[in-house]
Amino acid sequence: MNYQIPKGTQDILPGESERWQYIEQKARQLCERYNYREIRTPMFEQTELFARGVGDTTDIVQKEMYTFKDHGGRSITLRPEGTAAVVRSYVENKMHGWAEQPQKLYYTGPMFRYERPQSGRMRQFVQFGIEAIGCEDPAIDVEVMALAMDFYREFGLNNVKLVINSLGDQSSRKAHRDALVRHFEPSIDEFCSDCKERLETNPLRILDCKQDSDHPLMADAPSILDYLNDESREYFETVKSQLDSLGIPYEVDPGLVRGLDYYNSTAFEIMLEGEGFGAISTLSGGGRYNGLVEDIGGPQAPGIGFALSIERLLMALDAQGIELPIEHKLDAYVVVMGDVAKQKAVQVVHHLRKDGYRVEMDYLNKKMKGQFKAADRLGASYTIVIGEDEVNAGTVNVKNMHSGEQKTVGFEEISNTIESSL
RNA sequence: GCGGCUGUGGCGAAGUCGGUUAACGCACCGGAUUGUGGCUCCGGCACUCGUGGGUUCGAAUCCCAUCAGUCGCCCCA
């Protein structure tokens, strides 16, 4: 039997895992600066949480959830996204009562969606996301977008584009929805079957349909921006002017519709323009979810957040040929000749590691040449040769692999010799 | 759920109008260089050609099935 990794998952091996660590570390540092604190929630939740939170009409809930019964007969679902779980935790732990408001939280970890994998789309993928719950102020919307854009700037990614829209509040959405139905209903027979259904369930999504995108009714379909009431419009204007004042460029796309039901008001995506990135261009997405906390049984508490995929960031970095500054070079490699020397070498290695150096030695009884090759391949700054002669003399031979220079020093001087030369 | 492409040593791959010993490169091991790496040269190890069946004197090559990977559609991070 050959065991194989499940479809749509990946092993992250040494060489690659360092890139993940680097990115995660940058994300944490960024959150610290913006004063977001980490929250860790389980990787699975009651199925009902996602059905209610994400929305019954979404593709995620209808066909992409990993759902199973546990031994107690409960329906469990592997989390397909982060927000619903964070909001559940916020409500359950009564974080609305904590002194610090709004609650500014971040998370990172695997999400699961049952889909056909392709470039930039895995069944298990890792998201980093933030949520700011407990206030509705354009400044926090802008903060979330600024953090998201800052994140990509950390890595020197080019051609990153912020696209924003407003989905309006409840009354704006209702007016827009009615207008959409009036617009499409007379000719709905000319549209695809999905769109016919969308007319009933969520007419906004018709605008997002790729199949019918050329239909003449699409071009002059009512724009949400024309149906925003005064409050919603003013809110959106403030968001835009604050983005302007921070010098964050953006594009308004009235067709930007997010895929999850809980979004309203400010919505945004970060896209990557340019070649070499497959069919996927969305790096991250987010928006405001006023009303979600109440839906999940909490108090009235507006929120906003965003999530990004680490996989897609890595793809984007690769597409642009950006290397992360990752060092995993050895300080020293201990070359051993003979059994007597080996005992001594084990001690030397141990002490150097205690002194804080990154040190390796040979465990395969290779010949000297092979050991030097290994040292070279591992990028060791120094090799420390220990043979019988050295053991007898109480010394070792320290070689600077860069200059080729060698010197003989006593056991106690090894650390200092290395340090003074570094 | 639907469609395209791919599957040959540890890795990357040539070979695919069927024909004897399945190239080449990288890696690895040994030697030139008895205790000193990177460069060079010489030699060596290693492939059930994804799996199962079929056609044929003969199959990596053709046919069927199956599994896996990958890319795309839908949708999304």
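Heavy-atom basis, side chains included; hydrogens, waters and symmetry copies ignored.
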Is Lys369(A) close enough to U33(B) that one of its side-chain N or O atoms is under 4.0 Å from OP1 or OP2 there?
no
Between the base of A77(B) and the side chain of Arg121(A), is there a donor-acceptor distance below 3.5 Å?
no
Aromatic ring centroids of Phe151(A) and Phe128(A) under 6.0 Å?
yes
Gap in Å between the two P atoms, one belonging to G3(B) and one to U8(B), rounded:
25 Å
Give none if C45(B) has no partner; otherwise give the nucleotide forming a Watson-Crick or G-U wobble pair with it, both distances under 3.5 Å.
none
U40(B) and G25(B), which share atom name P, separated by this distance in whole Å:
13 Å
Specify the separation, in whole Å, of atom CD of Glu388(A) and atom P of U36(B).
16 Å
For the pair made of CD1 in Ile60(A) and P in G1(B), what is the distance, rounded to whole Å?
18 Å
Taking the nucleotide of RNA chain B with the closest heavy atom to each, which residue, Glu390(A) or Glu64(A), is nearer the 5' end?
Glu390(A)
Could you tell me the Watson-Crick or G-U partner of G72(B), where both distances fall under 3.5 Å? Say none if there is no partner.
C2(B)
Distance check needed: C76(B) C1' versus Arg79(A) CZ, whole Å only.
17 Å
Are Gln118(A) and C73(B) close enough that a side-chain N or O sits under 4.0 Å from OP1 or OP2?
yes
Can you tell me if Tyr235(A) and Asp141(A) form a side-chain donor-acceptor pair at under 3.5 Å?
yes
Side-chain donor or acceptor of Glu18(A) paired with backbone N/O of Gly15(A) under 3.5 Å:
yes
If the C1' atom of C76(B) is compared with that of C67(B), how far apart are they to the nearest Å?
28 Å
Separation of the P atoms in G38(B) and U33(B), to the nearest angstrom
15 Å
Test side chain to side chain donor-acceptor pair (under 3.5 Å) on Asp261(A) and Thr57(A) and set out the steps.
CA-CA 8 Å; Asp261(A) 283 357; Thr57(A) 69; 3.1 Å; yes
Give Met122(A) one of three labels, base, sugar-phosphate or nothing, depending on what nucleic acid heavy atoms sit under 4.0 Å from its own.
base
To the nearest angstrom, how far is Gln62(A) atom CD from C74(B) atom C1'?
13 Å
Between Lys63(A) and Pro117(A), which is nearer to the 5' end of RNA chain B once each is assigned its nearest nucleotide?
Pro117(A)
Go ahead and name the base partner of G25(B); Watson-Crick or wobble counts if both distances stay under 3.5 Å, otherwise write none.
C11(B)
Taking pairing as Watson-Crick or G-U wobble with both contacts under 3.5 Å, can you name the mate of A65(B), or confirm there isn't one?
U51(B)
Please report the interatomic distance CE(Met149(A)) to CG(Leu157(A)), rounded to the nearest 0.5 Å.
9.5 Å
What about Tyr263(A) and Tyr289(A), are their ring centers closer than 6.0 Å?
no
When you compare A68(B) with A27(B), how far apart are their P atoms, in angstrom units rounded to a whole number?
34 Å
Going by modelled atom types, is there a donor-acceptor pair between the base of G1(B) and the side chain of Glu115(A) at under 3.5 Å?
no
Salt bridge or not for Glu405(A) and Lys407(A), using N-O below 4.0 Å?
no
To the nearest angstrom, the CZ-P distance between Phe306(A) and C76(B) comes to 18 Å
Do Glu390(A) and Asn397(A) have side-chain N/O donor and acceptor atoms under 3.5 Å apart?
no
Atom CD1 in Ile5(A), atom CG in Asp11(A): separation rounded to 0.5 Å?
3.5 Å
If you go through the side-chain atoms of Lys399(A), does one of them form a donor-acceptor pair with the base of G37(B) closer than 3.5 Å?
yes
Can you check nucleotides 27-30 of chain B for protein contacts, nitrogen or oxygen pairs under 3.5 Å, and list what you find?
| from | atom 1 | to | atom 2 | distance (Å) |
| --- | --- | --- | --- | --- |
| C28(B) | OP1 | Arg377(A) | NH1 | 2.4 |

Counting distance only, does the side-chain N/O of Thr108(A) pair as donor-acceptor with the main-chain N or O of Gln127(A) below 3.5 Å?
yes
Take atom P in G9(B) and the same atom in C47(B), then report the distance between them in whole Å.
10 Å
Find the distance Met368(A):CE to G31(B):P and express it as a whole number of Å.
14 Å
Nearest-Å distance, CZ (Arg113(A)) to P (G1(B))?
18 Å
Is there a donor in the side chain of Arg377(A) and an acceptor in the side chain of Tyr333(A), or the other way round, less than 3.5 Å apart?
no
Which is true for Gly120(A) with a 4.0 Å heavy-atom rule: it touches a base, it touches only sugar-phosphate, or it touches nothing?
base
Of the candidates G38(B), U36(B), A68(B), the side chain of Asp376(A) sits closest to G38(B)
How far does the C1' atom of C49(B) sit from the matching atom of A13(B), given to the nearest Å?
13 Å
Please report the distance, rounded to the nearest Å, between CD in Gln4(A) and C1' in G50(B).
10 Å
Can you tell me which nucleotide in C75(B), G35(B), U36(B) comes closest to the side chain of Gln406(A)?
U36(B)
Between Thr417(A) (side chain only) and Glu413(A) (backbone N and O only), is there a donor and an acceptor less than 3.5 Å apart?
yes
Find every protein N or O atom lying less than 3.5 Å from an N or O atom of nucleotides 3-11 of chain B, and list the pairs.
| from | atom 1 | to | atom 2 | distance (Å) |
| --- | --- | --- | --- | --- |
| G3(B) | O6 | Arg116(A) | NH2 | 3.1 |

Scanning all shown strands, the Watson-Crick or wobble mate of G37(B) with both distances under 3.5 Å is none
Looking only at the side chain of Arg312(A) (C-beta and beyond, no hydrogens), which of the listed nucleotides A77(B), U36(B), G72(B) gets closest?
A77(B)
Measuring only the C1' atom in each nucleotide, how far is C17(B) from A60(B)? A whole number of Å is fine.
15 Å
